[in-house]
Asks: 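Before we start, here is the structure in question, set down as structure tokens.
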Amino acid sequence: MSVRILLIEDEDEIADFLVRGLREEGFVVERAADGQEGWHQLKTSAWDVVLLDWWLPVTDGLALLRRFRQQNQVTPVLFLTARDAVSDRVKGLDNGADDYLCKPFAFDELLARVRVLARRQSQSGFTALSYQDLSVNLASQRVERSGQRIELTSREYALLVFMLRHPGEVLSRTRIYEHVWEERYDGLSNTLEVHVMELRRKLEAYGPRLIHTLRNRGYRFGGEDT
Ligand code: CA
């Protein structure tokens, strides 16, 4: 299977050069041009390697990396930056970067480092989420329960992945809404309820209830029945 790389870089010239070069080497590459788009790509799709620029509009690379690691994401991240002070390098690594490359760098060196990280990632095999008889392949976005394929809309998929990453936790409507919809939750709209209902209907076609409603508190994926 091809290696999937997410490049989060705001400078078009560098991004175009890297995307072209990496594709020529047979990698699947997507680019995000700012921190917000980068975050969206990070949480809605699975990547083998992330190339992350430090200085980015909206949310900088370091903040993005911190947030990513706080969600227990282990995808290798290579920091790309013009910063070359030792303290900055340490800061990047301390916050969960796996490697560090200072601009300007030679493409061959980037390639060598990407290969190392991709190999490490493929050995760790972290491309699936599962809970009991439910499994989600984050690379192909295939969802199965008891061996049966379930077709979800992209929003239902994002909702399910978010819940699968927090099994047994109380998830407030605000938290779910702001994560999956990336908008402020006004407490009035029933968009979330409608999506939960539809997701439940699809999941429950092949097994017992997994998404539990907690009165006045939100939802919980899995765990004891209430
Ligand atoms: Ca930049």
Side-chain angles (χ1 to χ4, degrees), residues 1-6 28-30 32 36-50 64 67-75 121-122 124-226:
M1 213 169 82
S2 37
V3 172
R4 291 166 51 81
I5 299 175
L6 173 63
V28 173
V29 191
E30 290 294 330
Q36 193 179 14
E37 198 188 329
W39 180 245
H40 182 77
Q41 293 280 15
L42 281 172
K43 57 176 214 190
T44 53
S45 202
W47 306 98
D48 297 301
V49 178
V50 177
L64 215 57
R67 232 154 103 189
F68 192 50
R69 293 302 187 222
Q70 274 166 6
Q71 302 215 337
N72 303 321
Q73 299 284 345
V74 294
T75 306
Q121 174 69 351
S122 74
S124 78
F126 191 81
T127 52
L129 286 170
S130 65
Y131 185 88
Q132 294 173 355
D133 56 356
L134 178 73
S135 70
V136 175
N137 183 316
L138 295 170
S140 63
Q141 304 204 340
R142 189 184 173 101
V143 179
E144 285 184 7
R145 189 167 191 193
S146 299
Q148 301 291 315
R149 186 172 190 163
I150 299 173
E151 299 289 344
L152 299 179
T153 65
S154 59
R155 206 65 97 173
E156 289 161 5
Y157 177 81
L159 182 59
L160 177 63
V161 167
F162 179 68
M163 289 185 156
L164 263 172
R165 284 193 167 129
H166 304 277
E169 287 178 35
V170 176
L171 301 169
S172 71
R173 285 183 170 76
T174 307
R175 189 170 162 207
I176 298 172
Y177 198 82
E178 289 181 359
H179 186 91
V180 177
W181 276 265
E182 292 171 86
E183 285 167 17
R184 289 247 159 261
Y185 179 59
D186 60 12
L188 298 170
S189 135
N190 68 344
T191 311
L192 175 58
E193 281 76 5
V194 170
H195 280 80
V196 166
M197 240 160 54
E198 195 53 23
L199 183 56
R200 265 184 184 150
R201 190 183 64 76
K202 292 179 178 179
L203 296 179
E204 289 171 17
Y206 305 107
R209 176 151 296 189
L210 290 170
I211 303 170
H212 305 287
T213 304
L214 307 173
R215 242 188 114 161
N216 301 324
R217 287 188 295 158
Y219 296 100
R220 193 193 58 230
F221 187 88
E224 300 283 302
D225 280 353
T226 45

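Because the structure is predicted, anything quoted here is derived from the model rather than measured.
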Asks: Take the angle between the ring planes of Phe162 and His179 and call it parallel below 30°, perpendicular above 60°, tilted in between.
Replies: parallel
Asks: Working to the nearest 0.5 angstrom, can you tell me the gap between His212 NE2 and Arg200 CZ?
Replies: 8.5 Å
Asks: Which heavy-atom pair separates Val180 from Arg155 by the least distance, and what is that distance?
Replies: O-NH1, 3.1 Å
Asks: Quick one: sort the Trp181 and Tyr177 rings into parallel, tilted or perpendicular, breaks at 30° and 60°.
Replies: parallel
Asks: Is a donor from one side chain sitting under 3.5 angstrom from an acceptor on the other, for Ser45 and Arg4?
Replies: yes
Asks: If you count heavy atoms of other groups shown closer than 6.0 angstrom to CD of Gln36, is the number above 12?
Replies: no
Asks: Nearest heavy-atom pair of Met163 and Leu171: which atoms, and what distance?
Replies: CG-CD1, 4.0 Å
Asks: Nearest 0.5 angstrom please: Ser130 OG to Glu144 CD, how far?
Replies: 11.5 Å
Asks: Tell me whether Glu193 is salt-bridged to Arg173, with the criterion being a basic N under 4.0 Å from an acidic carboxylate O.
Replies: yes
Asks: Nearest 0.5 Å, please: how far is OG1 in Thr213 from OH in Tyr219?
Replies: 5.0 Å
Asks: Regarding Arg175 and Glu169, does a basic nitrogen lie under 4.0 Å from an acidic carboxylate oxygen?
Replies: yes
Asks: Is a donor on one side and an acceptor on the other found under 3.5 Å between the side chain of Trp47 and the backbone of Gln41?
Replies: yes
Asks: Restricting to non-hydrogen atoms, name the atom on Leu129 and the atom on Arg165 that form the minimum distance, rounded to 0.1 Å.
Replies: CD1-CG, 3.9 Å
Asks: Nearest 0.5 Å please: distance from the CG atom of Leu6 over to the CG atom of Asp48.
Replies: 11.0 Å
Asks: Out of curiosity, Phe221 CZ to Leu159 CG, how far, rounded to the nearest 0.5 Å?
Replies: 10.0 Å
Asks: Atom CG in Leu160, atom NZ in Lys202: separation rounded to 0.5 Å?
Replies: 11.0 Å
Asks: Provide the closest heavy-atom pair for His40 versus Thr44 in the form atom of the first, atom of the second, distance.
Replies: O-OG1, 2.6 Å
Asks: Looking at every heavy atom in both Tyr131 and Gly222, which two are closest together, and how far apart are they?
Replies: OH-CA, 3.2 Å
Asks: Decide yes or no for Thr153 and Glu198: does some side-chain heavy atom of the first lie under 4.5 Å from some side-chain heavy atom of the second?
Replies: no
Asks: Restricting to non-hydrogen atoms, name the atom on Arg217 and the atom on Val170 that form the minimum distance, rounded to 0.1 Å.
Replies: NH1-CG2, 3.9 Å
Asks: Got a salt bridge between Asp133 and Arg145, using NZ or NE/NH1/NH2 to carboxylate O under 4.0 Å?
Replies: yes
